[in-house]
A.B. asks: 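Can you read through this structure? Questions will come right after.
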2 protein chains.
Amino acid sequence: MTDSDINTEKSILLSARRIFTIKGFDGARMQEIADDAGINKALLHYYYRTKDKLFEAVFKEVLNVIFPKIISILQSPIPVFEKIEKISLTYIELLKENPDLAIFVFHEISRNPQRLVENFRNAGIDFGIIRKQITLEAKQGVIVSVKAEHLITNLISMCVFPFIAKPVLKGMMGMNEEDFQQFIEERKTVIPHTLISSLTPNK
Amino acid sequence: MTDSDINTEKSILLSARRIFTIKGFDGARMQEIADDAGINKALLHYYYRTKDKLFEAVFKEVLNVIFPKIISILQSPIPVFEKIEKISLTYIELLKENPDLAIFVFHEISRNPQRLVENFRNAGIDFGIIRKQITLEAKQGVIVSVKAEHLITNLISMCVFPFIAKPVLKGMMGMNEEDFQQFIEERKTVIPHTLISSLTPNK
DNA sequence: CCTACTTTTGACCAACTGGTTAAACCATTT
DNA sequence: AAATGGTTTAACCAGTTGGTCAAAAGTAGG
């Protein structure tokens with residue numbers, strides 16, 4: 001009912017994503033997903049045979065939103081500083097538009113870590129390339145010498161974590177929803193600034 | 001059986017924490033917790049009436065490990081840079097000793113955000129104090145002017161996130177367990193260095 | 001209108017889950 | 001050794017859950 005009934009299969013996927021995100025895999029009920037999609041529960045099993053397969057369909061769809069954008073940036077021939085800026089911007093914008101995407105992915109991490117890693121590999125994300133670039137630019141003196149692992153981890157941490165911890169941050173720092181949106185908007189520049197100023201040589 | 005049967009109540013709590021962490025609240029089964037503790041399922045209900053109450057007991061115990069350490073640092077009369085160093089060190093050491101603590105707390109965030117925020121308040125964490133200190137030191141020119149919200153968020157993000165995303169990071173960057181432990185150890189200095197060098201005035 | 005096909009449904013089921021209960025067990029005190 | 005009171009258990013229960021199935025409803029072509 002919520003979604004147009006033009007395409008049942010698609011509206012199931014939408015409802016499933018909604019419910020799985022809020023409740024997690026174990027907390028989600030097939031009946032609830034069916035209700036949300038405005039259909040009979042048996043119809044879920046008609047389109048996606050099992051709960052597992054339904055989840056997997058949702059999961060793959062979600063990853064297809066995340067991966068392509070990040071990959072194209074990582075592989076583009078621009079300096080590290082620019083990549084940091086672009087990734088911050090793209091990542092935060094993506095998560096701002098799909099606020100529970102981070103929570104959904106991390107639900108899956110604790111449920112089935114292996115599968116996510118495999119999807120990463122299949123997506124063609126090659127960590128070696130960015131590592132090479134970072135060590136190269138460090139040797140050239142463009143940036144301070146730093147382990148690629150830490151730089152990337154710092155970047156992703158600062159972009160993603162606020163969305164996972166959103167309610168805690170809001171509560172702790174006394175923000176309302178508008179404040180939080182503003183806060184997230186600011187991070188588009190704060191994160192690159194933090195990383196770049198810590199990476200700029202000549203102190 | 002795994003734990004000493006000297007204190008049944010305590011061994012239940014240990015097993016419950018183990019299972020809740022791995023499976024989440026909805027995924028955890030009372031029978032599994034009982035098995036893990038080597039006791040009858042009815043005994044769980046004898047000590048902790050319901051699954052909810054058992055979870056709450058585990059949750060409070062977990063928070064009692066986290067909060068006191070952080071609070072004492074935040075309220076101690078030392079400069080911001082030192083606080084950053086001490087919090088990084090304490091936080092990472094804490095999470096290194098209790099690797100699934102972050103995942104446990106995160107599970108609870110998505111299950112019941114409100115309760116966690118309330119616990120934060122009750123624990124007496126006062127964000128106003130640290131905010132005041134940061135703006136003061138910024139005015140004095142000791143650190144670059146920065147919004148306290150972003151600084152704290154950056155700090156916590158970089159400390160906690162790697163533990164939540166551990167399997168993904170390991171997979172993506174091709175680390176084995178030993179590598180990862182080394183990586184985490186390095187972050188005790190990498191995180192303060194990143195933040196402090198971005199906060200040090202006079203470029 | 002009939003036939004063949006896909007989509008949708010209500011009724012149903014076996015397995016599982018959190019929780020209960022009455023009885024057994026065990027350590028102390030009397 | 002009997003009584004007491006906390007601890008532990010096996011058996012059980014009512015409600016829920018993922019999943020099935022046969023039949024109904026819709027759809028298109030001949």
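Letters A, B, ... are given to chains in the order of the sequence lines, protein chains preceding strands, and every chain is numbered from 1. This structure is a prediction, so every number in the text was calculated from the model and none was measured.
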A.B. asks: Which one, D/dT8, C/dT20, C/dG10, comes nearest to the side chain of B/T8?
C.D. replies: D/dT8
A.B. asks: Contact class for B/Y47 (heavy atom, under 4.0 Å): base, sugar-phosphate, or nothing?
C.D. replies: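 Sugar-phosphate contact only.
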A.B. asks: Write down the distance between CG (B/N7) and P (D/dG6), rounded to a whole number of angstrom.
C.D. replies: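 To the nearest whole Å, that distance equals 17 Å.
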A.B. asks: Taking the six-membered ring of B/F106 as reference, does the cationic atom of B/R111 (NZ for Lys, CZ for Arg) lie under 6.0 Å from its centre and within 45° of its axis?
C.D. replies: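 Ring-cation test returns no.
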A.B. asks: Mind checking if A/A34 touches a base, just sugar-phosphate, or nothing, with heavy atoms under 4.0 Å?
C.D. replies: nothing
A.B. asks: Just wondering, more than 12 heavy atoms not from A/E178 lying within 6.0 Å of its CD?
C.D. replies: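 Counting neighbours around CD of A/E178, 12 or fewer heavy atoms of other residues, nucleotides or ligands fall under 6.0 Å, so no.
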A.B. asks: What's the closest nucleotide to the side chain of A/I39 if the choices are D/dG18, C/dT9, C/dG18?
C.D. replies: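 Between D/dG18, C/dT9, C/dG18, the one nearest the side chain of A/I39 would be C/dT9.
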A.B. asks: Quick one: which of C/dT8, D/dG18, C/dG18 gets closest to the side chain of A/Y46?
C.D. replies: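 Nucleotide nearest to A/Y46's side chain: C/dT8.
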A.B. asks: Should the pair A/R17 and A/F59 be classed as cation-pi, given the thresholds of under 6.0 Å to the six-membered ring centre and 45° from the axis?
C.D. replies: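 The answer is no; the distance or angle limit is not met.
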A.B. asks: Roughly, in whole Å, what's the span from CD in B/Q31 to P in D/dA11?
C.D. replies: 13 Å
A.B. asks: Using whole Å, report how far CG of B/L44 lies from C1' of C/dT17.
C.D. replies: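 So the CG-C1' distance, B/L44 to C/dT17, works out to 13 Å.
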A.B. asks: I want to verify a distance call: between D/dT9, D/dG19, C/dG19, whose nearest atom is closest to the A/K51 side chain?
C.D. replies: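 Comparing D/dT9, D/dG19, C/dG19 against the side chain of A/K51, the answer is D/dG19.
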A.B. asks: Measure OH/B/Y48 against P/C/dT20 and give the value in whole Å, please.
C.D. replies: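 It works out to 17 Å between those atoms.
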A.B. asks: Round to the nearest Å and state the distance from B/H45 atom NE2 to D/dT7 atom P.
C.D. replies: 17 Å
A.B. asks: Would you mind reading off the distance between A/E32 atom CD and D/dT16 atom P, rounded to a whole angstrom?
C.D. replies: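 Rounded to the whole Å, the gap is 14 Å.
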A.B. asks: Are side-chain N/O atoms of A/Q181 and A/E185 paired as donor and acceptor at under 3.5 Å?
C.D. replies: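 Side chains of A/Q181 and A/E185: no pair found under 3.5 Å.
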A.B. asks: Given D/dT9, C/dG10, D/dG19, identify the nucleotide with an atom nearest to the side chain of B/A42.
C.D. replies: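 Of the candidates, D/dT9 comes closest.
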A.B. asks: What is the distance, rounded to the nearest whole Å, between atom CE of A/M30 and atom P of C/dG10?
C.D. replies: 17 Å
A.B. asks: Below the 4.0 Å mark, does D/dG18 have OP1 or OP2 next to a side-chain nitrogen or oxygen of A/R29?
C.D. replies: yes
A.B. asks: C/dG18 base to B/K41 side chain: any donor-acceptor pair below 3.5 Å?
C.D. replies: yes
A.B. asks: Grab the CG-P distance between B/L43 and D/dA11 for me, whole Å please.
C.D. replies: 17 Å
A.B. asks: Between B/Q31 and B/D35, does any side-chain donor sit less than 3.5 Å from a side-chain acceptor?
C.D. replies: yes
